[in-house]
Amino acid sequence: MWYAHNPGRRACQLLGDGAALLWTALWAAVALAVHRLVLPASQPASHRPRIPLLGSSVDGALRGVAHAGDRIVSAAPAPQGPAAAQALAVLGAVTLFVIPVSLMLTVWLPRRVRWTRQAAAAQELAGTEDGRELLALRALLRPLDELAATAELLPAAPHETPDLDPDPDLDPDLDIPPGPGPGSLAKGWREADPVVLDALADAELQRLGLRT
């Protein structure tokens, strides 16, 4: 799977994928424009049209490349001049496209592939009892604040229900069992408590944006 079930998570993924496609298309258009700028050696570089969406410094640098191409064509023997200009134009366009797109892919693609693999594995594990125990164990490794939020969703045991009118003769030093917390989740996982296991497994699926 490539997109989450959760609408918010799926919207973020769609926005990220759209931004990656837009970035790729933008640099493809720039590379094609640079190819056209550098290629026509018959037209002086100073008279060639300005590339849209680029600043003056970038446009000036590209015109410098065009001037260099003109000099290469002028210095090359007559039969090799057009071929040299075409090779320079292709090389410059490919370089201009590959570098920014590769930088984007190194940031965007690993995260998308990692989420896809995790989501596929989580969906497969959620279908079996042993798999849900593994998901629960994975959820126990989350930060403590996330575990505390999961523990608050657990139903309180009878002995964990707070006493609103405590006995005044009760020994204050007597240990009172604490309410649900991260420790109770770990204890429930060790004892294979089905309620705790389901809560932890569902929390892990929700973290990935999947249906529980």
Side-chain angles (χ1 to χ4, degrees), residues 1-27 100-212:
M1 69 182 314
W2 193 247
Y3 292 104
H5 299 144
N6 180 273
R9 183 69 175 268
R10 183 169 60 248
C12 291
Q13 290 173 337
L14 288 171
L15 287 175
D17 294 350
L21 290 175
L22 183 61
W23 181 264
T24 303
L26 173 64
W27 283 105
V101 172
S102 297
L103 292 176
M104 179 271 296
L105 289 176
T106 58
V107 176
W108 169 79
L109 189 58
R111 297 179 62 183
R112 294 294 285 122
V113 172
R114 181 170 61 252
W115 181 89
T116 301
R117 296 178 61 182
Q118 290 179 352
Q123 275 196 319
E124 183 178 356
L125 290 174
T128 64
E129 183 177 350
D130 292 340
R132 291 185 69 84
E133 288 189 13
L134 288 176
L135 288 176
L137 177 60
R138 181 70 178 85
L140 282 176
L141 303 179
R142 305 304 302 164
L144 289 178
D145 56 341
E146 297 183 16
L147 288 178
T150 303
E152 291 176 357
L153 301 177
L154 294 177
H159 65 275
E160 293 176 342
T161 302
D163 190 356
L164 300 180
D165 188 16
D167 186 354
D169 298 331
L170 185 64
D171 186 356
D173 296 331
L174 182 65
D175 291 335
I176 300 176
S184 64
L185 294 178
K187 178 182 178 182
W189 183 86
R190 288 194 305 269
E191 296 176 354
D193 186 338
V195 175
V196 173
L197 292 179
D198 287 342
L200 288 171
D202 290 346
E204 182 65 13
L205 292 174
Q206 291 172 1
R207 182 186 70 84
L208 293 171
L210 303 178
R211 297 191 188 94
T212 58

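Every value quoted in this text rests on a predicted model; they were computed, and no experiment measured them.
- Put simply, the side chain of W189 never gets that close to the backbone of A136: no donor and acceptor are under 3.5 Å apart.
- R111 is linked by a side chain to side chain donor-acceptor pair (under 3.5 Å) to nothing, counting only residues two or more places apart in sequence or in another chain.
- One N or O on the side chain of Q13 and one on the backbone of A4 form a donor-acceptor pair closer than 3.5 Å.
- The minimum heavy-atom distance linking L140 with L185 is given by the pair CD2-CB, 3.9 Å.
- For the pair R9 and Y3, the NZ or CZ position fails the cation-pi test of under 6.0 Å to the six-membered ring centre and within 45 degrees of the ring normal.
- Within the 4.5 Å cutoff, the side chain of L205 has heavy atoms near those of the L135 side chain.
- In this structure, the separation between CG on L26 and CE on M104 is 10.5 Å, given to the nearest 0.5 Å.
- For residues 201-212, the salt bridge (Lys or Arg N to Asp or Glu O under 4.0 Å) pairs, not counting sequence neighbours, are R132-D202, E204-R207.
- By the side chain to side chain donor-acceptor pair (under 3.5 Å) test, N6 is found to be paired with no residue, residues two or more places apart in sequence or in another chain being considered.
- In this structure, CG on L21 lies 6.5 Å from CH2 on W108, to the nearest 0.5 angstrom.
- Note on K187 versus D193: no salt bridge recorded, every NZ/NE/NH1/NH2 to OD/OE distance being 4.0 Å or above.
- Closest approach of W27 and P100 over heavy atoms only: CD2-CG, 3.4 Å.
- Counting only distance, with no hydrogens or angles, the side chain of R10 and the backbone of H5 share a donor-acceptor pair below 3.5 Å.
- Of the inter-residue distances, the one linking W2 atom CH2 with L14 atom CG reads 11.5 Å to the nearest 0.5 angstrom.
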Under the side chain to side chain contact (heavy atoms under 4.5 Å, CB included) rule, what do L208 and Q123 come out as? Steps first, then yes or no, please. CA-CA 10 Å; L208 293 171; Q123 275 196 319; over 6 Å; no
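- Inter-residue side-chain proximity for R112 and D17 is flagged as met; some heavy-atom pair is nearer than 4.5 Å.
- If you take CG on L109 and CZ on R114, they are separated by 10.5 Å, rounding to the nearest 0.5 Å.
- Atom CD of E129 sits about 11.5 Å away from atom CG of L134, to the nearest 0.5 Å.
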